[in-house]
Amino acid sequence: MLYIKCPHCGLRSQNEFAYGGDASVKRPELNKEISDQEWDEFVYLRKSPRGKHLELWHHVSGCRQWIKVLRDTSTHEIFNTYKSEEKVG
Amino acid sequence: MKSISPLNGVHLVGDHGNFKNKNSDEIINIKELKNFKIFQIVKFKKNKKNINDYKLSGLDFPDKLRVSQNNDVRILWIGPNNWLALSAKISLSEEIAKNLSNDEFAITDLSHSKAIIELSGKNAKEVLKKGCPINFNDINKNEVVNSIFNGIAVTIDFINDQPNKIRVMCLRSFGESLYHSVTDASLEFGYKAI
């Protein structure tokens, strides 16, 4: 069981959250011409690092906000959490 | 047309569970709250005014995890720029129309979409601890949390702590399941359905 500190609600059980994937993936700019491969990479391809990973989590049974979580994928240690609009690093 | 309350089919008035030889303050009182006007109020991102500039029925919009209340209305914080206003006494729609503009807030009438169970008694928190991961020892009167109870998303409103009086709200369609979970957890203390 993980405990995740929601920046809006405080420390909560993982049960209240839904995992939302890699938070470092950036959508291609609007109206920019991109290749099929770039689009394919944005939609489907993800890294699966061992160690620190910036993730999106949805506090779906709480404040219903998306947040960013910096977590170690091997130890599950959570280093920090951020509001969705916060810049990290 | 007659409205049917969400727990109409399951809320059986009377004493249940392990209630014998217990004082009335030891057992849990369980009540279904009906005919509440409930409005969700969301401040638009484009609305740059401070929320403290607005009032509803004379009440400020509360800060996170807090509740503003008077004799008629309770306003619950349920997320950033997101509140739930409840009243069984006054016409909330008129009050909202007077105080809040549709250009600045998204307002949704949820009056018939919520099931509300009110628990009271000194063991009310013990019942909720069985199905909810919140640390109830840290929560006091006029605070609110959104969480889960046995997997059902709930809003828990702490009306009073001397003695405990707590409202648990969920979507109407989950109401019967929530009621079964809550009453099941109450059996060991004994409960009176009012």
Colleague: Looking only at non-hydrogen atoms, find the nearest pair between A:H8 and B:K64 and report the distance.
Modeller: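 Shortest heavy-atom separation between A:H8 and B:K64 comes out as O-CD, 2.9 Å.
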Colleague: Same cluster for B:L59 and B:F39 if Ile/Leu/Val/Met/Phe/Trp/Tyr side chains link at under 4.5 Å?
Modeller: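 Yes, B:L59 connects to B:F39 through the hydrophobic network.
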Colleague: Between B:V145 and A:R12, is there a side-chain heavy-atom distance shorter than 4.5 Å?
Modeller: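 Yes, at least one pair of side-chain atoms sits under 4.5 Å.
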Colleague: When you compare the side chain of A:C63 with that of B:W77, does any pair of heavy atoms fall below 4.5 Å?
Modeller: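 In short, these two side chains touch, coming nearer than 4.5 Å.
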Colleague: Identify whether B:I194 and B:V13 are in the same connected component of the hydrophobic contact network (ILVMFWY, side-chain heavy atoms under 4.5 Å).
Modeller: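 They do not share one cluster, since no chain of ILVMFWY contacts under 4.5 Å joins B:I194 to B:V13.
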Colleague: Quick check: is A:Y3 connected to A:I78 through a chain of hydrophobic side chains (ILVMFWY, heavy atoms under 4.5 Å apart)?
Modeller: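 No, separate clusters.
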Colleague: Under 4.5 Å between any side-chain heavy atoms of B:I134 and A:E16, yes or no?
Modeller: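 Sidechains of A:E16 and B:I134: in contact.
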Colleague: Mind checking whether B:V168 and B:I139 sit in one hydrophobic cluster, side chains of I, L, V, M, F, W, Y counted as touching below 4.5 Å?
Modeller: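 Both belong to a single hydrophobic cluster.
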Colleague: Do A:L70 and A:I4 sit in the same hydrophobic cluster, where Ile, Leu, Val, Met, Phe, Trp and Tyr count as joined when their side-chain heavy atoms come under 4.5 Å apart?
Modeller: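 Different hydrophobic clusters.
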Colleague: Using heavy-atom distances under 4.5 Å, tell me whether B:L65 contacts chain A through its side chain, its backbone, both, or neither.
Modeller: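 For B:L65, the side chain is the part near chain A, not the backbone.
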Colleague: How far does SG of A:C6 sit from CG of B:N146, to the nearest 0.5 angstrom?
Modeller: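 Interatomic distance, A:C6 SG to B:N146 CG, rounded to 0.5 Å: 10.5 Å.
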Colleague: Name the member of B:G79, B:G151, B:S147 that forms the most heavy-atom pairs with chain A at distances under 4.5 Å.
Modeller: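 Looking at each of B:G79, B:G151, B:S147 in turn, B:S147 comes out on top.
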Colleague: Quick one: what part of B:I152 sits under 4.5 Å from any heavy atom of chain A, side chain, backbone, both or neither?
Modeller: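 The answer is neither part of B:I152.
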Colleague: Can you establish whether the number of heavy atoms outside B:D53 located under 6.0 Å from its atom CG is more than 12?
Modeller: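 Enclosed: over 12 neighbouring heavy atoms sit under 6.0 Å from CG of B:D53.
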